[in-house]
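A short worksheet on the structure shown next.
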There are 2 protein chains.
Amino acid sequence: MIFSKAIEYGIKASVYVAKQSMNGYRSNLKEISEHINSPEAFTAKILQQLAKGGIIHSIKGAGGGFALEIKEMKKIKLVDIVLALDADFLNSTCVLGLKHCSETNPCPVHHKYKHIKRETLHLLRNTSLLEMSINLDKGLAYLRN
Amino acid sequence: MIFSKAIEYGIKASVYVAKQSMNGYRSNLKEISEHINSPEAFTAKILQQLAKGGIIHSIKGAGGGFALEIKEMKKIKLVDIVLALDADFLNSTCVLGLKHCSETNPCPVHHKYKHIKRETLHLLRNTSLLEMSINLDKGLAYLRN
DNA sequence: ACTAAATAGGATAAAAATATCCGATTAAAT
DNA sequence: ATTTAATCGGATATTTTTATCCTATTTAGT
């Protein structure tokens, strides 16, 4: 409804890796894709992008995998993950796809949608990876069902 | 950010046809695609689906085109247009794509997103084609820029 | 009847998103 | 050093979405 598959997988993977890191475990590709229920090879690409984008750390070689530190999880927000996977996610923000939709040049749903847009942006900017992974860890949230 | 191109075009086309109908004009494909800035042949397919879905009326033959009546515009909501073009739009409603995301089985953003989802649904269900086309007619909204 | 102007509908093409495969590289363990 | 377990990166395949093209059908006007 709002994110592409790539972004869905990317968020879930980040949350899983964060949760495992919180508990001192490093996660590898196979484990990640199993726990978030995503195609392995495709997930590999996404993890690569996340690593390049500074969201997670990748450790190569035997016993390697993906991990990140608690202080990083606190700083990383949902919006950072999204932008690491789709740099111009925030540029196409009009519901009807108008290039220059604005207060003075609104599409027919602009005024009714702007509150929702504002709240969505707020959610993306203020939800940290840490809080999501804590919820996962506590069993208050799930990544597959 | 939320709709596919097909749905974007579909909404704009419906609003344009409605506005023209309000003023007693019937709209044809060429005119519509010019005014909403969409590819003509693709728009033709979408208009067909909208007609089949009972959103607009299509009149075949010379002097034909698309139109609808004021009392219909009042009844037709944004959600009807969306569903006419994508029947299971409302079935994939979890931000992270979980099949059975719910209060008791939430994804990590469920609780923060549910208000937004509720408002979005409210907007879709309560925004009528009539009000959108009135705004367009009054010059308070635009379909291209 | 004929012509012209429309939409309908089927076939196809192009582009983007999703997904897979495989060899190269890295690093730990023996 | 060799083996083994990982990620990296490039090439390719598949699927879905977006877009186009062409013929058939319908209808108004002459």
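Within every chain, numbering begins at 1; the chains are lettered A, B, ... in the order of the sequence lines, protein sequences first and strands thereafter. All values derive from a computational prediction rather than experimental measurement.
In summary, the side chains of A:S38 and A:S33 do not present any donor paired with an acceptor at a separation below 3.5 Å, with no hydrogens or angles considered. The closest side-chain donor-acceptor pair between A:Q20 and A:H35, if any, does not fall under 3.5 angstrom.
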Protein heavy-atom contacts under 4.0 Å, written 5' to 3' over nucleotides 14-30 of chain C as B (base), S (sugar-phosphate only) or - (none), form the string ----SBB-----BBS--
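The side chain of A:S58 places an N or O atom within less than 4.0 Å of a non-bridging phosphate oxygen (OP1 or OP2) of D:dC8. Contact annotation: A:Q48 does not reach the phosphate of D:dT7 (side-chain N/O to OP1 or OP2, under 4.0 Å).
Atom CG of B:D86 and atom C1' of D:dT16 are 12 Å apart (whole Å). The distance between atom CD of A:Q49 and atom P of D:dC8, rounded to the nearest whole Å, is 12 Å. Atom CD1 of A:I46 is separated from atom P of D:dG9 by 16 Å (rounded to the nearest Å). Atom-to-atom, CZ of B:F66 to C1' of C:dA8 comes out at 9 Å; the value is rounded to the nearest Å. If you take CG of B:L47 and P of C:dA6, they are 14 Å apart, rounded to a whole angstrom. Separating the CZ atom of B:R26 from the P atom of C:dA5 is a distance of 16 Å, rounded to the nearest angstrom.
Counting only heavy atoms from C-beta outward, the side chains of A:S128 and A:K74 never approach each other to under 4.5 Å. In this structure, A:P39 and A:Y9 have side chains that are in contact, with non-hydrogen atoms separated by less than 4.5 Å. Between A:K71 and A:K75 there is no side-chain heavy-atom pair separated by less than 4.5 Å. Between B:L98 and B:H110 there is no side-chain heavy-atom pair separated by less than 4.5 Å.
Within the nucleic acid shown, A:K30 has no heavy atom closer than 4.0 Å to any nucleic acid atom. Within the 4.0 angstrom heavy-atom criterion, only backbone atoms of the sugar-phosphate kind lie near B:L29; the bases stay farther away.
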